[in-house]
Trainee: 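Dropping the structure in here first, questions after.
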Amino acid sequence: MTDTRGPQPPHETYGGEQAVQQGTQPYHPPQAYPSPPGGTQGGQQRSGQQTAAGATVRRPRTGATTQPRTRKARLRVAKADPWSVMKVSFLLSIALGICTIVAAAVLWMVMDAMGVFSTVGGTISEATGSNESNGFDLQSFLSLPRVLLFTSVIAVIDVVLATALATLGAFIYNLSAGFVGGVELTLAEDE
């Protein structure tokens, strides 16, 4: 293999002194596109200039417009992975369960602050009470810990059912997509 780089400047010596340069010219790397005769470096010329042979350089068309085209792609959802559907639906149903518990607690506090439980509880205890007993006590039955316990049980059941139904839905979608090909989507690129 031969060295096509031309003469190289000498390297540093071990002592740290630079070797004496010989009277050679600096290295110029080869150009990927050689310059035309009489042109500028790299083959670029100003538009309207002529080369040494007399030919003019091509200029771009002025009537051409360069509006960005919106690219569209038609895709098909051929298969939904049941494992990934189960993971996503599990996380979403946990988030929904937490939102349900928080909403029930806030609603109970608002209704308690408005006096709904005491008013409705007084009416119910008068209607169900007699001389020997005071009647049904709504305020002790609908206490905050009991409401939150009931809401938590409903949220846990919701997490299990939503995860199972979403996973079953993915299996059913895969079966039906095998027959009809799946859902087709048309995606467009933003401008």
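Position 1 is the first residue of the sequence; numbering continues from there.
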Trainee: Let me confirm one number: the CG-CE distance from Leu165 to Met86, rounded to the nearest 0.5 Å.
Mentor: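 CE of Met86 is found 13.5 Å from CG of Leu165.
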Trainee: Quick one: does Asn174's side chain have a donor or acceptor within less than 3.5 Å of a partner on Ala80's backbone?
Mentor: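 Flag set: sc Asn174 to bb Ala80 pair under 3.5 Å.
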Trainee: Looking at every heavy atom in both Ala170 and Pro82, which two are closest together, and how far apart are they?
Mentor: CB-CA, 4.0 Å
Trainee: Does any part of the side chain of Val110, heavy atoms only, come nearer than 4.5 Å to the side chain of Met114, both counted from C-beta?
Mentor: yes
Trainee: Can you tell me how far apart CZ (Arg76) and CG (Leu185) are? Round to the nearest 0.5 Å.
Mentor: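 These two atoms lie 11.0 Å from each other.
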Trainee: Looking at OG of Ser89 and CG of Leu96, how far apart are the two atoms once the value is rounded to the nearest 0.5 Å?
Mentor: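 The CG atom of Leu96 is 12.0 Å from OG of Ser89, to the nearest 0.5 Å.
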Trainee: Whether the side chain of Ser176 engages the backbone of Tyr173 through a donor-acceptor N/O pair (distance < 3.5 Å, no angle test) should be reported.
Mentor: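 Judged by distance alone, yes, a pair lies under 3.5 Å.
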Trainee: Tell me whether Leu107 shares a hydrophobic cluster with Met109, the cluster being built from Ile, Leu, Val, Met, Phe, Trp, Tyr side chains joined at under 4.5 Å.
Mentor: yes
Trainee: Are Leu91 and Val160 linked, directly or through intermediate hydrophobic residues, by side-chain heavy-atom contacts shorter than 4.5 Å (ILVMFWY only)?
Mentor: no
Trainee: Do side-chain atoms of Trp108 reach the backbone of Leu148 as a donor and acceptor pair under 3.5 angstrom?
Mentor: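 No: the side chain of Trp108 does not pair with the backbone of Leu148.
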Trainee: Walk me through it: do Asp158 and Thr100 pass the test side-chain contact (heavy atoms from CB on, under 4.5 Å)?
Mentor: CA-CA 10 Å; Asp158 178 51; Thr100 303; 5.6 Å; no
Trainee: Roughly how far apart are Ile98 CD1 and Ser152 OG, rounded to 0.5 Å?
Mentor: 10.5 Å
Trainee: Rounded at 0.5 Å granularity, tell me how far OG1 in Thr163 sits from CG in Leu168.
Mentor: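 Rounded to the nearest 0.5 Å, the OG1-CG separation comes out at 12.5 Å.
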Trainee: Is Leu161 reachable from Val153 through a run of I, L, V, M, F, W or Y residues, each pair having side-chain heavy atoms under 4.5 Å apart?
Mentor: yes
Trainee: Linking I/L/V/M/F/W/Y whenever any side-chain heavy atoms sit under 4.5 Å apart, do Val88 and Val77 land together?
Mentor: no
Trainee: Looking at every non-hydrogen atom in both residues, tell me the closest pair between Ala105 and Leu144 and how far apart they are.
Mentor: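 Between these two residues, the closest heavy atoms are CA-CD1, 4.5 Å.
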Trainee: Any link between Val120 and Leu142 through a network of hydrophobic side chains (Ile, Leu, Val, Met, Phe, Trp, Tyr) touching at under 4.5 Å?
Mentor: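 In one cluster with Val120: Leu142, yes.
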Trainee: Could you report the tightest heavy-atom contact between Ser93 and Ala162, atom names first, then the distance?
Mentor: CB-CB, 3.8 Å
